[in-house]
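This report concerns only the one structure given below.
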Amino acid sequence: MNRKLLLLSLIFAVARLQAKAGDSHNWKTDKKAFASAEVDPRVYPKILNTLDAQSITVQESEFKLKVEELTGVREVRLNGEVARIVERGSDRGRQLARQWLEQEYKALGFVVSQHNYGRGANFIAEKKGSSGKVLILSSHMDSMSNAGANDDGTGTIANLLIAKALAGTSYKHTLRIIAFDNEEQGLVGSAAYVKTLDKSQLIGNIQMEMMGTNSRKDGKFHLIDCDRKDSQFMTSAIMQSVQSFSLPLTRVKACTDRSDHGSFWKANMPSVVISENFFGGDGDQCYHEKCDIVDARLDFKYSSTITQAVGNAVAKLLN
Ligand SMILES: [Zn+2]
């Protein structure tokens with residue numbers, strides 16, 4: 001092959017790789033997932049024990065306020081300096097977001113750290129249990145260089161509010177909360193992270209994706225396990241929480257691996273992902289667009305209800 005041809009084919013190969021990576025996180029292009037969306041008719045058993053009776057509460061107003069802090073609507077104080085986190089695509093924006101998360105989780109008494117993997121860094125906050133087993137609650141902290149209020153500001157704040165609700169109670173197992181980096185680049189942060197994980201210590205992973213749009217006010221949401229046997233116990237725990245507390249939520253099944261839960265599945269580890277009813281006809285019109293900001297299209301009551309459902313399930317899974 002002559003040099004010119006070699007160069008051309010190299011450029012072509014790189015462009016193809018980039019297209020693939022860019023596509024791997026794009027829910028809009030996941031035709032199979034759209035085709036698979038259907039309302040789950042299953043009735044999950046109610047389990048009203050004492051733990052269930054202490055339902056965690058999540059305030060809609062607090063949910064909104066925290067998303068506003070994470071997306072530059074409100075100023076934040078980082079190490080005594082005033083800052084605005086207007087985007088989470090650049091190195092600087094993601095660094096500010098990690099700093100803010102560090103401050104928030106430290107205030108709740110969590111032990112914070114970072115997992116650096118070269119191209120980026122995952123943020124980790126932990127509340128230790130005694131068993132040596134770990135439940136991972138995750139989201140992605142990066143955005144498409146936009147405010148990313150819904151994607152994935154809502155998932156990231158949901159986890160912060162679950163942490164707050166559970167901070168004062170002791171649990172048998174460790175709760176580890178991770179805000180993955182570079183999800184939008186093709187699940188880069190989570191793929192690097194699962195390589196460091198010991199499967200025998202992992203109970204499972206719950207990934208919290210965009211959960212802000214409920215435009216039809218029907219409370220439909222995705223809880224996705226793609227019928228994986230190793231992951232269905234988390235679906236059951238969350239749906240039991242929905243039914244025990246009569247939360248106004250309806251599960252719509254669909255199957256996609258295009259968020260950080262996909263990295264866990266690839267490594268053969270149990271995982272589920274939660275989101276708004278994206279594939280069932282209620283996806284965010286501002287998905288991956290500049291208009292993904294805090295405005296009236298986001299229903300924080302709905303986001304708080306999903307957070308409550310997951311938070312109660314997490315409390316149960318930690319014991
Ligand atoms: Zn996302």
Side-chain angles (χ1 to χ4, degrees), residues 20-30 33-34 37 63 66-67 70-71 85 87-90 93-94 97-98 101 119-123 136-160 162 177-194 205-214 221-226 252 254-266 271-280 282-294 297-300 302-303 306-307 310:
K20 222 180 147 199
D23 223 35
S24 67
H25 65 91
N26 190 342
W27 287 32
K28 265 195 170 165
T29 57
D30 195 342
F34 281 104
F63 203 115
K66 288 294 165 195
V67 175
L70 182 61
T71 58
I85 311 166
E87 52 79 31
R88 302 186 306 281
S90 68
R94 281 151 45 235
R98 277 189 295 263
L101 287 169
R119 265 177 74 182
N122 299 313
F123 168 82
I136 296 179
L137 191 57
S138 59
S139 69
H140 66 88
M141 42 87 37
D142 63 319
S143 74
M144 294 291 285
S145 301
N146 56 7
N150 194 14
D151 183 14
D152 185 17
T154 50
T156 301
I157 297 307
N159 289 346
L160 178 64
I162 290 173
I177 292 175
I178 307 182
F180 287 119
D181 198 357
N182 295 136
E183 189 267 357
E184 302 290 9
Q185 261 61 55
L187 320 181
V188 181
S190 53
Y193 183 76
V194 295
N205 163 249
I206 302 173
Q207 166 80 351
M208 302 288 265
E209 257 292 354
M210 47 213 165
M211 49 183 74
T213 57
N214 180 35
F221 80 117
H222 287 313
L223 167 44
I224 294 174
D225 59 25
C226 293
V252 175
C255 182
T256 185
D257 58 5
R258 295 183 183 188
S259 183
D260 293 311
H261 64 296
S263 295
F264 286 82
W265 285 350
K266 243 188 187 163
S271 182
V272 295
V273 64
I274 312 278
S275 83
E276 63 210 16
N277 187 17
F278 193 96
F279 302 111
D282 202 7
D284 188 352
Q285 295 307 306
C286 288
Y287 176 65
H288 285 182
E289 302 288 342
K290 279 278 167 240
C291 61
D292 184 4
I293 58 171
V294 175
R297 80 183 200 295
L298 299 183
D299 180 347
F300 289 107
Y302 167 76
S303 315
I306 294 176
T307 306
V310 175

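Just so you know, ligand 1 is whichever comes first in the structure, and atom 1 is the first atom listed for that ligand.
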The Zn ion (ligand 1) to nearest N/O/S of Asp151 less than 2.8 Å:
yes
Any N/O/S atom, side chain or main chain, of Glu209 closer to the Zn ion (ligand 1) than 2.8 Å?
yes
The residue among His288, His261, His140 that forms ring pair (Phe, Tyr, Trp, His ring centres under 6.0 Å) with His25 is His288
Are Phe180 and Phe123, when compared by the centres of their aromatic rings, separated by less than 6.0 Å?
no
Relative to each other, are the rings of Trp27 and Phe278 parallel, tilted or perpendicular (30° and 60° limits)?
perpendicular
Could you check whether Phe279 and His222 have their ring centres less than 6.0 Å apart?
yes
Short check: any N/O/S atom of His140 below 2.8 Å from the Zn ion (ligand 1)?
yes
